[in-house]
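A short worksheet on the structure shown next.
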There are 2 protein chains.
Amino acid sequence: MEKKSVNSEIDNLDMQILSILMEDATIPYTEIAKKLIVSGGTIHVRMKKMQDLGIIKGSNLVVDPQKIGYDVCAYLGIYLEKGSTYKDAVAKLVKIKEIVELHYTTGAWSMFAKIICRDTNHLREVLNENIQTVEGISRTETFISLEESIKRQINLDL
Amino acid sequence: MEKKSVNSEIDNLDMQILSILMEDATIPYTEIAKKLIVSGGTIHVRMKKMQDLGIIKGSNLVVDPQKIGYDVCAYLGIYLEKGSTYKDAVAKLVKIKEIVELHYTTGAWSMFAKIICRDTNHLREVLNENIQTVEGISRTETFISLEESIKRQINLDL
DNA sequence: GTTGAAAAGTGCTGCGA
DNA sequence: TCGCAGCACTTTTCAAC
């Protein structure tokens, strides 16, 4: 048998398939099959299994935000008031569509968000009119990204 | 004529195509064509144009990191020593494959990184043995994500 | 669980409007 | 510039190993 991965449901072949498709999801199954020396049908079965298990959540088109008019990317440290629950805040923050990531974190802040806006005016609007008005949020700290140097997926070492 | 977007090269139809494919890149062109009431060929032409313009950078498979043994996600604030250049640090940080995002930011830190590791031991290894040994990096501050509540693409309002 | 091939559907290209 | 139709390719399914 092959060396098993951390998760017993997933073997080395599955990981190799993921590794290839995580970089470019447009690569055809037939080509993956050739690379890994199995049949196209096997790739299909493995992919279906991983989709059913929820390992594969979907496929995204990677778009350059700046080229479609979204020029400002910022991270936001969010302080939550005592007595306010994270859950309630999340429910409200989900509705703010400029927030593309939100984490509950250890450290100085309660939460950590990533926002993408059209310009600095748009960012100010979102901060003042949307985020700061959410109940339970006492204070935020903004870190504007001047340059995105790395943007990639996890590198699965096989 | 249609209402133009911020970028004059891109019109409303292009944005609608992007909007659909950003959520799920597996949706066939024919289905998009039906939704937007144009022919499949038109979708193809628009996609090619946007790929040539660099608006579309590719396609990613979305994988649940926890289900393939990457359990720990953390953000990292990085202080850079005076005299050290951002460029030199980036060149070294690029080689650390656990770093999936790196930004040059305003605010308390010089840089901001997102790292994905297998477990807390792995995180400690990356911090001590890789990141802290990079020349020019004086200090880092770690924020571990206990829960990822939001993870999505920009919502293009059309 | 894997294979190989047949069936169904999608993407691509050139001609016409 | 867009739409239609034919061809090439990929995905999907299934019987057999």
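All values below were derived from every heavy atom in this structure, side-chain atoms included, with hydrogens, water molecules and symmetry-related copies excluded.
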Item to check | From CD1 (A:I154) to CD1 (B:I99), nearest 0.5 Å | outcome: 14.0 Å
Item to check | Interface residues of residues 27-37 of chain A with DNA chain D (non-hydrogen, below 4.0 angstrom) | outcome: A:P28, A:Y29, A:T30
Checklist entry - With a 4.0 Å cut-off, would you call A:D52 and A:K48 a salt bridge? => result yes
Checklist entry - If only side-chain N and O atoms of B:T42 are considered, is one of them under 4.0 Å from the OP1 or OP2 phosphate oxygen of D:dG3? => result yes
Checklist entry - Checking side-chain hydrogen bond (donor to acceptor under 3.5 Å, both in side chains) against A:Y70, which of A:R118, A:E98, A:H122 comes through? => result A:R118
Next on the checklist: To the closest 0.5 Å, what do you measure between OG1 (A:T105) and CD1 (B:I144)?
Outcome noted: 10.0 Å
Checklist entry - How large an angle, rounded to 10°, do the end axes of the helix from C:dG1-D:dC17 to C:dA17-D:dT1 enclose when each is built from five base pairs? => result 20°
Next on the checklist: I need the single residue from A:F143, A:Y104, A:Y75 that forms a ring pair (Phe, Tyr, Trp, His ring centres under 6.0 Å) with A:W109. Which is it?
Outcome noted: A:F143
Checklist entry - With side chains defined as the heavy atoms from C-beta onward, is the minimum distance between B:I68 and A:M50 less than 4.5 Å? => result no
Next on the checklist: Within the 4.0 Å heavy-atom criterion, would you say A:V38 contacts the bases, only the backbone, or no part of the nucleic acid?
Outcome noted: sugar-phosphate
Checklist entry - Taking atom CD1 of A:I32 and atom CD1 of A:I43, what is their separation to the nearest 0.5 Å? => result 5.5 Å
Item to check | Proximity to the side chain of A:H44 - top-ranked nucleotide from C:dT3, D:dT12, C:dT13 | outcome: D:dT12
Checklist outcome for this item: Rounded to whole Å, the NZ-C1' distance (B:K48 to D:dT1) equals 16 Å
Checklist entry - Are B:R46 and D:dT1 close enough that a side-chain N or O sits under 4.0 Å from OP1 or OP2? => result no
Item to check | A:Q153 CD: over 12 foreign heavy atoms closer than 6.0 Å | outcome: yes
Item to check | Integer-rounded Å distance: D:dT12 C1' and A:I43 CD1 | outcome: 14 Å
